[in-house]
Number of protein chains: 2
Amino acid sequence: MNGAESLIKTAIEAGIKVCFANPGTTEMPLVSALDSVPGIKPILCLHENVATGAADGYARMSGQPAMTLLHLGPGLSNGLTNLHNARRAHTPIINVIGEHASWHLEADPPLNAPLDQIAGSVSGFVRKSASAGEMSKDMADAIAASYDDGGQVATLIAPHDAQIEEAEAGASLSTAPNLTSVPDASVASVQAALSTGKTAILLSGKALSEEGLRLAGKIAQATGADLICETFYAVMERGGDLPKPIKLPYFPDEADALLQGYDKVISVGAEPPVAFFGYPDGRSRLTTSEQDVVLAVPGQDVVDALARLADQLGATKDTAMTGALPPMPPMLPMPPMPNGPLTAEAVCTVIANLQPKDCIIMDEGLTASAIYHEVSNFSPRFTQLQLTGGAIGMGPGCATGAAMACPDRQVINLQADGSAAYSVQAWWTQARENLDVITILLSNRSYEILNIELARAGVDAPGPAATALASLDEPALDWVSIAKGFGVSGEAVVTAEDFAIALEGALLRRGAGKGPYLIEIQMP
Amino acid sequence: MNGAESLIKTAIEAGIKVCFANPGTTEMPLVSALDSVPGIKPILCLHENVATGAADGYARMSGQPAMTLLHLGPGLSNGLTNLHNARRAHTPIINVIGEHASWHLEADPPLNAPLDQIAGSVSGFVRKSASAGEMSKDMADAIAASYDDGGQVATLIAPHDAQIEEAEAGASLSTAPNLTSVPDASVASVQAALSTGKTAILLSGKALSEEGLRLAGKIAQATGADLICETFYAVMERGGDLPKPIKLPYFPDEADALLQGYDKVISVGAEPPVAFFGYPDGRSRLTTSEQDVVLAVPGQDVVDALARLADQLGATKDTAMTGALPPMPPMLPMPPMPNGPLTAEAVCTVIANLQPKDCIIMDEGLTASAIYHEVSNFSPRFTQLQLTGGAIGMGPGCATGAAMACPDRQVINLQADGSAAYSVQAWWTQARENLDVITILLSNRSYEILNIELARAGVDAPGPAATALASLDEPALDWVSIAKGFGVSGEAVVTAEDFAIALEGALLRRGAGKGPYLIEIQMP
């Protein structure tokens with residue numbers, strides 16, 4: 001057994017079953033080890049940012065750490081932005097990166113790059129194996145580290161010479177989340193806050209699991225607190241009879257309008273909320289220090305803290321929760337099926353009406369799907385994933401990984417066009433693995449957020465430079481052709497009626513084993 | 001005038017005319033400044049690695065520094081691998097990156113990332129503007145720094161608050177390459193080496209300019225030395241009556257077979273050559289310290305050093321050089337037009353026969369175009385660009401930038417399929433700007449280098465993992481559809497005869513102003 005084989009064997013013993021990969025010459029012993037020590041299926045991705053996005057989606061949906069295999073500093077660099085998103089989502093990922101033979105580095109060959117420095121920009125754990133004999137233990141440590149801080153990115157650098165030298169596997173493994181318990185005093189102080197005025201409970205991270213939401217619903221019902229969820233969540237269980245928190249608005253002024261009426265805002269699952277960007281009004285934090293109460297942050301046992309709080313409050317255990325209590329705005333019921341042009345609202349309403357029970361919605365629709373959260377409150381039970389770190393181009397890869405993790409569930413990727421253009425390569429992996437992903441490509445032919453930002457900055461008549469840089473027209477992208485090129489069938493629609501027919505047809509593919517599909521939504 | 005406008009005004013005064021861009025919210029004042037201080041044309045790229053690749057191609061061909069505008073840490077991260085290639089090519093590039101308002105950073109908003117650290121992995125100069133008033137000088141310093149070390153990447157970080165505060169332009173500019181002169185003693189020691197046995201002159205970097213090559217040819221003729229060029233050059237003038245150096249082979253054993261017969265190897269334009277990868281034979285350097293003589297490295301005036309050496313040698317000034325002297329292998333004449341299946345040799349031979357005078361060949365054909373250098377020795381005068389840093393996916397972006405720099409020249413991009421899949425978004429910019437780029441897509445449906453590396457490592461029968469990770473089949477990529485989706489017409493060919501017809505037709509497009517085209521070469 002060589003070092004590469006000891007690393008792979010350790011990964012298998014830790015329960016890792018797939019590896020999202022784009023290897024090169026320095027990873028060849030690891031590639032060979034995937035054959036000589038069978039147990040991990042390699043999934044080839046045509047760009048490393050698809051591999052890291054897929055790893056993120058896989059880990060979010062499986063609850064297990066995901067593994068990537070990348071080529072040197074450049075391979076890691078290409079995958080960096082979806083690792084940034086994964087870092088913000090607290091997703092456990094282990095990157096294994098081949099490195100030049102240790103004796104070759106002093107020659108500074110063309111592909112040499114400062115791997116430690118690049119990896120450190122997104123990783124909570126970075127280590128380079130010093131020898132073949134350390135590789136099994138290093139992989140075990142990387143896997144254990146991926147569980148820290150509520151989930152993080154761990155990067156293990158594997159020099160080529162260490163991969164091919166003799167080694168043994170057998171490092172002891174730690175494969176359970178390493179969560180600390182919230183102190184009793186914190187639970188008590190949250191309990192006190194809940195009885196001292198008008199209170200909102202802001203749910204983030206693990207608080208948006210089914211168990212977390214049901215506990216939060218009981219707490220809200222027992223105390224009259226309102227439930228709010230974070231703006232960009234990694235994974236949220238939704239629909240059916242689950243509690244339906246209001247979503248914290250994206251723009252600071254709108255968030256402020258929602259939050260300013262509360263005496264206390266109890267953060268559960270994250271630190272108190274901050275503005276996505278700092279506008280000239282100078283507002284960084286969306287709550288005041290007087291409002292802030294924190295129950296639990298990543299790395300703490302968020303669901304346990306909610307359970308203990310519910311116990312302390314004597315919250316009843318078996319009342320169904322279907323909505324937050326007044327004075328939150330009343331929920332819209334499921335809106336009826338629309339007709340005519342495919343506005344953002346029409347698109348989201350068709351999806352909310354037709355999406356099947358237990359589907360997974362990977363939502364990178366951005367401005368075009370902003371209303372989806374609200375209109376889908378009464379859809380059948382489903383899981384929604386979102387872009388967490390603002391680095392666009394996550395959706396297609398993340399949907400790919402989610403489908404790998406959950407082969408029995410339909411994945412629907414609501415995908416903005418500007419963001420999709422970053423990661424079209426993911427469709428090839430969806431085709432190769434015959435994954436049940438329907439991409440709903442929201443083509444408004446612009447980076448619409450830039451137009452909104454220009455208007456907010458008071459630029460009423462953008463000049464030619466600003467216009468050119470926000471427009472995706474001239475030429476318009478032909479998404480059906482791009483998808484076909486990467487092996488995925490599709491069609492384009494321009495009315496809500498035709499979209500409904502297309503989506504119903506696409507949903508039949510899963511039963512027939514027909515794999516991925518793309519519907520291009522030509523918005524007005 | 002605000003800080004953003006002072007930065008743009010300074011760039012215009014330095015001669016910058018285009019900016020390859022994908023901006024976001026934190027760059028909006030810079031985008032507005034491109035309108036309010038006109039003079040720089042923004043070129044929208046659908047992925048930052050296209051922007052950085054295009055900047056590299058633009059600067060290589062224009063001889064001027066190129067500018068990019070990127071969004072925060074993630075935008076820079078996406079563009080990192082083509083900046084790695086640019087760093088290895090000694091290309092002068094100035095990245096301007098928006099950053100969160102300085103007062104907002106302590107909130108660690110979702111898009112926050114360690115910009116300094118990420119930029120430092122590829123940049124020789126990194127600075128964050130401390131205030132609006134510094135922004136003009138900071139830009140001037142970044143431009144000056146891009147000329148250092150023979151050309152390098154400079155990154156200027158522009159906080160949003162500094163972009164919008166009041167400022168003035170007017171920093172003094174330094175816009176000339178900052179080269180040091182090679183000492184007389186070095187020239188004399190090279191002259192001595194040329195008379196002490198069998199000698200090769202290894203030309204790299206600026207030595208591959210027309211002037212450098214003609215001087216090297218005269219030196220070779222006067223001394224009997226052989227001319228060799230580096231394996232992966234940034235820019236090389238080729239064809240016509242220029243000297244025709246042998247190319248240093250990629251694999252160390254083949255390079256060794258060429259180099260071991262020389263008593264001295266004189267490196268001109270780079271440090272002595274190193275192996276691309278370190279194989280188990282333990283060879284890092286391709287020459288011995290006894291062989292090594294260095295005339296000039298990047299940052300030194302390479303062409304001036306060659307001129308002084310030629311003068312010292314009394315090399316005649318007006319002898320045409322059409323080849324290296326014995327005992328180098330004799331050059332093949334232009335091979336005749338082939339028939340039948342599109343092997344790598346057939347493809348390269350068709351191109352070498354048909355390529356027009358003064359065209360620019362952007363060669364990222366890798367294994368499929370390895371033979372192109374040899375068969376094109378007798379093509380009419382042209383310029384060839386290559387992948388310099390080994391980070392694949394450079395070709396489409398680099399060809400885009402080269403076409404922007406040289407609107408009167410035909411650009412032909414020899415493009416390997418696995419590498420093309422990284423950067424298909426570049427075709428949209430080619431279509432939008434109506435650029436004269438013909439992409440010759442070499443579809444062998446594999447990462448062929450991995451199969452070669454596996455065979456070299458003794459893996460005769462790769463297992464299912466290794467097979468899956470080296471194959472681009474299942475499904476085969478349909479390149480004509482992908483190009484069509486991004487707005488570029490094309491066709492697929494399977495024989496050399498049909499390829500010749502397709503290429504002749506595509507070459508007629510330039511005169512007709514019809515813009516980019518793609519020819520998919522379906523290799524056997």
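Here is the naming used below: chain letters follow the sequence lines, and residue numbers restart at 1 for every chain.
With a 4.5 angstrom heavy-atom cutoff, B:Glu27 does not touch chain A via any of its atoms. Of the atoms belonging to A:Cys45, it is backbone heavy atoms, and not side-chain ones, that fall under 4.5 Å from chain B. Residue contact with chain B, scored on non-hydrogen atoms closer than 4.5 Å, involves the backbone and the side chain of A:Ala275 alike. For B:Gln117, the parts sitting under 4.5 Å from any heavy atom of chain A are the backbone and the side chain alike. Only the backbone of A:Thr388 comes within less than 4.5 Å of a heavy atom in chain B; its side chain stays farther off. Of the atoms belonging to A:Glu271, not a single heavy atom falls under 4.5 Å from chain B. With a threshold of 4.5 angstrom between heavy atoms, A:Ser32 approaches chain B through side-chain atoms but not through N, CA, C or O. Proximity to chain A involves both the backbone and the side chain of B:Trp103, based on heavy atoms less than 4.5 angstrom apart. Using a 4.5 Å cut-off between heavy atoms, A:Val31 touches chain B through backbone and side chain atoms alike. For chain B, the nearby part of A:Leu72 is the side chain; its heavy atoms alone come within less than 4.5 Å.
Atom CG in B:Asn22 sits 4.0 Å away from atom OH in A:Tyr447 (nearest 0.5 Å). To the nearest 0.5 angstrom, A:Leu44 atom CG is 11.5 Å from B:Glu474 atom CD. The distance from atom CD1 of B:Ile482 to atom CH2 of A:Trp427, rounded to the nearest 0.5 Å, is 10.5 Å. Rounded to the nearest 0.5 Å, atoms CG (B:Leu111) and OG1 (A:Thr81) are 10.5 Å apart. In this structure, CG on A:Leu450 lies 4.0 Å from CE on B:Met28, to the nearest 0.5 angstrom.
The residue among B:Ile392, B:Asn112, B:Leu34 with the most heavy atom pairs within less than 4.5 Å of chain A is B:Asn112. Considering only heavy-atom pairs separated by less than 4.5 Å from chain B, the leading option among A:Ala431, A:Pro462, A:Pro464, A:Gly393 is A:Pro464. Here B:Asp108 is the residue among B:Ile449, B:Asp108, B:Leu69, B:Ile164 with the most heavy-atom pairs under 4.5 Å with chain A. Between chain B and the options A:Gly75, A:Ala465, A:Gly390, the largest number of non-hydrogen pairs under 4.5 Å is found for A:Ala465. For the options B:Lys484, B:His71, B:Arg456, heavy-atom pairs under 4.5 Å to chain A are most numerous at B:Lys484. Most heavy-atom pairs under 4.5 Å with chain A: of the set B:Pro110, B:Gly389, B:Gly463, B:Pro273, this distinction falls to B:Pro110. Of the listed residues (B:Ser284, B:Ala107, B:Pro23), the one with the most heavy-atom contacts under 4.5 Å to chain A is B:Ser284. Chain A forms more heavy-atom pairs under 4.5 Å with one residue of B:Ala457, B:Gly487, B:Gly282 than with any other, namely B:Gly282. Most heavy-atom pairs under 4.5 Å with chain B: of the set A:His100, A:His160, A:Lys41, this distinction falls to A:His100. Ranked by heavy-atom pairs under 4.5 Å with chain B, the first of A:Val459, A:Val122, A:Leu472, A:Asp161 is A:Leu472.
The minimum heavy-atom distance linking A:Ala466 with B:Asp35 is given by the pair N-OD2, 3.0 Å. Here the closest non-hydrogen pair linking A:Arg432 and B:Asp473 is NH2-O, 3.0 Å. For the residue pair A:Leu469 and B:Ala21, the shortest heavy atom distance occurs at CD2-CB, 3.9 Å. In this structure, A:Ser121 and B:Ile118 approach most closely via the heavy-atom pair CB-CG1, 3.7 Å. Shortest non-hydrogen contact noted between A:Gly278 and B:Ala101 is O-CB, 4.0 Å. Taking all atoms of both residues into account, the shortest heavy-atom contact from A:His47 to B:His47 is NE2-NE2, 4.4 Å.
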A:Thr25 and B:Phe276: side chain to side chain contact (heavy atoms under 4.5 Å, CB included), yes or no, with the steps?
-> CA-CA 10 Å; A:Thr25 298; B:Phe276 208 82; over 6 Å; no

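Listed by chain and number, the residues in a salt bridge (charged side-chain N to carboxylate O under 4.0 Å, His left out) with A:Glu165 amount to none (sequence neighbours excluded). With sequence neighbours left out, B:Phe486 forms a ring pair (Phe, Tyr, Trp, His ring centres under 6.0 Å) with no residue at all. The salt bridge (charged side-chain N to carboxylate O under 4.0 Å, His left out) search around A:Glu453 returns none, not counting sequence neighbours.
The stretch residues 82-89 of chain A places A:His84, A:Arg87, A:Arg88 near chain B, each with some heavy atom under 4.5 Å from a heavy atom of that chain.
Counting only N and O atoms by type, the side chains of A:Glu48 and B:Tyr422 include a donor and acceptor under 3.5 Å apart.
For the pair A:Leu477 and B:Leu46, the minimum side-chain heavy-atom distance is below 4.5 Å. At a threshold of 4.5 Å between non-hydrogen side-chain atoms, the residues B:Asn49 and A:Asn78 count as touching.
No donor-acceptor pair closer than 3.5 Å links the side chain of B:His104 to the backbone N or O of A:Val274. Between the side chain of B:Trp428 and the backbone N or O of A:Pro475, at least one donor-acceptor pair lies under 3.5 Å.
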